[in-house]
Amino acid sequence: MDQATLQIVRAVEAGATTMKGIVDATGLSRLKVERALNALEKQKLLIRDGQGFRVAGRQAPPPPSRQCGSCNACCDILEVAAVDKPVNQLCRHWQTGTGCTIYDRRPQMCRSFVCAWLQGHLDDDWFPEKAGLIVHFSQDAVNVTVDDHCPDRWREEPYFSKLSEWSLNGIKRIGNRGYATLVVSGPDKFLLLGRTIVPDPTLFGTAFLPLTSDTFRFWKAKSPEHLQRLHARVAEIERIRQEFGSCAIPENEDDDPQPPYRPALLRLSNHASA
Ligand code: SF4
Ligand code: SF4
């Protein structure tokens with residue numbers, strides 16, 4: 001098995017079930033992924049079914065015991081590019097009383113989509129039709145999409161506490177496939193760091209440091225190099241904390257620290273430099 005094919009098998013094993021998921025997870029071209037998937041299917045190493053791709057020999061996830069019932073939130077709230085459906089606009093293929101009018105030829109995303117409530121990860125407060133929130137998992141994130149009729153619902157209870165808890169779990173798993181908790185509400189995007197809300201997270205990432213057990217100081221990166229510098233300073237703060245028992249934390253969210261970080265941090269903390 002060549003390197004690319006191996007990468008694809010690993011991506012599917014890690015939970016990528018759609019073509020887009022595999023392309024995103026591997027960084028390979030769509031053509032390359034398609035060719036490798038066809039070869040894997042021919043060799044019966046991979047199976048494609050209604051729930052997407054899975055590695056042969058692996059059981060498909062058990063069918064959800066819950067039913068969508070009256071809910072059509074994902075046909076309303078989520079973006080489905082394959083049918084030109086923007087976020088928070090009922091799909092033109094949805095008809096009251098009939099449901100999806102193109103059910104047999106609906107896009108792969110619609111076939112494979114299962115929200116976290118339907119999977120049984122959340123209690124009935126989270127039934128999407130009632131909650132106005134759709135929670136779904138991707139390879140490295142818990143994604144929360146909010147109905148534009150209740151844009152702040154995710155900040156309310158019991159939702160916010162649960163999302164904060166998931167966010168902390170995702171942060172603790174960093175280094176062991178951590179995940180981010182992201183909220184999209186209309187045009188606004190948020191990253192959750194425990195109970196700390198990061199508005200408009202940048203594509204380059206966010207460096208953060210715990211202040212309490214569930215709150216964080218954060219700095220949003222403007223470039224990969226900026227993120228590296230922020231991470232290096234966070235590491236220095238941790239070292240100083242270990243060495244002196246405390247370290248002052250720079251408050252400016254937008255600063256761009258330059259090495260060497262230690263002297264400035266020691267000055268800020270009123271610690272004598274070694
Ligand atoms: S949001 Fe969940 S429960 Fe509602 S229709 Fe979609 S998959 Fe079913
Ligand atoms: S194509 Fe069908 S399943 Fe997909 S969003 Fe539209 S109505 Fe829903």
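Just so you know, ligand 1 is whichever comes first in the structure, and atom 1 is the first atom listed for that ligand. Small disclaimer: the values here were computed from a predicted structure and weren't measured.
Not counting sequence neighbours, the partners of Y159 by the ring-ring contact (aromatic ring centres under 6.0 Å, His included) test are W126.
Annotation: Q258, atom CD; neighbour count of heavy atoms from other residues, nucleotides and ligands within 6.0 Å is above 12. Remark: R241 CZ is packed, more than 12 non-hydrogen atoms of other residues, nucleotides or ligands lying under 6.0 Å away.
No hydrogens or angles considered: nothing links the side chains of W219 and N252 as a donor-acceptor pair under 3.5 Å.
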Tell me which donor-acceptor pairs under 3.5 Å the side chains of residues 77-84 have, and how far apart each pair is, sequence neighbours excluded?
none

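Excluding waters, the set of protein N, O or S atoms lying under 2.8 Å from atom 6 (Fe) of ligand 2 comprises C91 SG.
In this pair, H121 and F137 present their aromatic rings perpendicular. The plane angle is above 60°, beyond the 30 to 60° band.
Salt bridge status for R195 with E157: present, with a side-chain N to carboxylate O gap under 4.0 Å. Looking at D147 and R153, no side-chain N of the basic residue comes within less than 4.0 Å of a carboxylate O on the acidic one, giving no salt bridge. Checked for salt-bridge contact, D255 and R233 meet the test: a charged N lies under 4.0 Å from a carboxylate O.
Here atom 2 (Fe) of ligand 1 has protein N, O or S atoms under 2.8 Å from it, and they come to 1.
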